[in-house]
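Treat the numbers as computed from the prediction; the structure is a model and nothing was measured. The figures here come from the full heavy-atom set of this structure, side chains too, leaving out hydrogens, waters and symmetry mates. Atoms within a ligand are numbered from 1 in the order they appear, just like the ligands themselves.
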Amino acid sequence: MSLRTLESLGSLAGKRVVVRCDLNVPLKDGVITDDGRVQASLPTLNALINQGARVVVISHLGRPKGEPDPQYSLEPVAQRLSELLGKPVVFAGDTVGDAAKEAVDGLQDGDVALLENLRFNPGETSKDDAERAEFAGRLAAFGDAFVSDGFGVVHRKQASVYELAQALPSAAGLLIAAELDVLDRLTENPERPYTVVLGGSKVSDKLGVIGHLLPRVDALCIGGGMLFTFLAAQGHKVGASLLEADQIDTVRSYLAKADELGVEIVLPSDVVVAEAFSADAAHEVRPADDIEGSPWGEKGIGLDIGPETAAVFAAKIAGARTVFWNGPMGVFELAPFAAGTKAVAQALTEVDGLAVVGGGDSAAAVRALGFSDEQFGHISTGGGASLEFLEGKALPGLEALGWEPAS
Ligand code: ADP
Ligand code: MG
C-alpha cells in the first residue's frame, strides 16, 4: 500500500477536518524567529480552505511536560498563521476542553481554528497505548476526517500522529507528500556522485544513519559536534570539545566499513579551537591532529571546522549530483564559528542536481546566514524524521497513512 493522498478523502466541503501540522517554531521572548514550519504548512491548509472545509489545526510546540505552560502557548503562532493565510484564525485556549469545543462548533465553511499545544495534555506523548488512544479519541470528536501533515513528527508514535490517523478517515497532507517525494529521490537510484554531509550536536542520535548510508553514498563529510568522536577514534586528542566516548568503537567500525566499501569518509584536517563557548572567546585554527596544541591545551573547545576543511567539503559538495546535508558544521549561532556552516550552505546552492537540507537547526542556520529557501533543491522540515527515513526505519506516522518502506 502506498501513502493515502488528500484526494482519497473525497470532497471535504462543509466537513470538519482535523489537520496535524508541525508548527513547532523557534520562539524568543514570545516572538517567532523562523516561521519556516508555518510557511510549509500553508499549501495543505489553503487547499482545505479552498474546498470549503472547516479546518481544525493541531500542533505541538516545544517540550512542555503534559500540562499547560504559558511559554509554550501556540497563541503567537495563531497570529502568524492568520497573517500568512490572510484570514482570521480562531485560537482556542485549550486542546480538548470547552474552549476547543466552542471554537470548533463556531466554524463556518472555509474557517480555520488552531487548538492549544497538544503536549499540554499527558495523553499526547504517553507511553501507555490506551492513554494515547483515549486522547486521540477526544481529538477525533472534532473532525469528520484527519489530515496528517506534520512531517517533523512522523517518526513519533504519539496520539495526534499515530492513533488519531486510525480513529478517523485519514490521509497525508501536501507537505508530507512533498517531503517523501524528495526522500524517495535520495534513496532510490540517486544521481552520482552522492555526497552526504553530517554535523550538529546530537551525535549518538545521528551515528545510526551512517551505517545505513555507507553502502549507498560516494562520500560522507563529517563536521559539527560529531567530528570529535571521529578524531578520537583515530587516536587524536580533542581537548574539551563535544565527545561521546562510548561511541568511539562504533565510529571505528564505520571507518573500517567505509574502507572495505571504498566509500570516502572525509574528516576535517583543521578545526577552529576556542578558549570558551562564547562569541567573544579567543580562538585559532588548529590542525585536527593537534587540537590540544592551542594555548588552552586540554581546555580548548573545537567550535567549527577550519577553512581548509570547509574548502574540501565545499568541493565534495559542489562536484556531486546529489547532496543531503544535516547538522551545522559549527556553532553557527556565534558569528566567529559560523564560517564552516556558511561555506557548506554556499556549496549546496551550487550543486548541479538535487541538494537537500534537513534538520531544524540546519534550516534555521541557512536562513540566519542569509540564504533563501529557493537556493536549495529542498529544505526539509524534519531532521529526525528525514534521518530515520534514510536509515530505513519504520515511521509510525507514515505507516498509519498506508505507507510502507521499500524493501
Ligand atoms: P539539526 O537540528 O539540524 O538536526 P542538531 O540539532 O543536531 O542539528 O545540532 C544543531 C546544533 O549543533 C547547533 O545549535 C550548533 O550550535 C551545534 N553544534 C555544531 N557544531 C558544534 C560543535 N563543534 N560543538 C558544539 N555544538 C555544535
Ligand atoms: Mg536540532
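- Polar contact check, Gly302 against ligand 1: a nitrogen or oxygen pair lies under 3.5 Å apart.
- With ligand atoms numbered from 1 in the order given, ligand 1 contributes 7 (O), 9 (O), 12 (O) to contacts under 4.0 Å with heavy atoms of Gly200.
- Within ligand 1, the atoms closer than 4.0 Å to a non-hydrogen atom of Phe228 are 23 (N), numbered from 1 in the order shown.
- A heavy-atom distance below 4.5 Å is not found between the side chains of Phe120 and Asp94.
- Between Phe389 and Trp403, the angle of the ring planes lies from 30° to 60°, which puts this pair in the tilted group.
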Determine, step by step, whether Tyr72 and His60 satisfy the ring-ring contact (aromatic ring centres under 6.0 Å, His included) criterion, reporting the C-alpha distance in whole Å, the side-chain angles of both residues, the deciding distance to 0.1 Å, and the verdict. CA-CA 9 Å; Tyr72 296 115; His60 72 290; over 10 Å; no
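- Those atoms of ligand 1 with a heavy atom of Lys202 less than 4.0 angstrom away are 6 (O), 7 (O).
- Short contacts between ligand 1 and Pro328, defined as distances under 4.0 Å to a heavy atom of the residue, involve ligand atoms 3 (O), 8 (O), 10 (C), 19 (C).
- For atom 11 (C) of ligand 1, the nearest protein heavy atom (residue, atom name, distance) is Ser201 OG, 3.5 Å.
- The pair Lys101-Asp98 does not meet the salt-bridge criterion, since no charged nitrogen lies less than 4.0 angstrom from a carboxylate oxygen.
- Once rounded to the nearest 0.5 Å, the distance linking CG of Leu348 with CZ of Phe371 reads 9.0 Å.
- Annotation: atom 19 (C) of ligand 1 to nearest protein heavy atom, Gly330 O, 3.2 Å.
- Closest to atom 25 (C) of ligand 1, if we only count protein heavy atoms, is Val331 CG2, 3.8 Å.
- Using 4.0 Å as the threshold, Phe337 has no heavy atom nearer than that to any atom of ligand 1.
- When each atom of ligand 1 is checked for a heavy atom of Lys206 under 4.0 Å away, the hits are 1 (P), 4 (O), 5 (P), 7 (O), 8 (O).
- When you scan the N, O or S atoms of Asp361 for the one nearest the Mg ion (ligand 2), you land on OD2.
- Interatomic distance, Ser160 OG to Leu115 CG, rounded to the nearest 0.5 Å: 11.0 Å.
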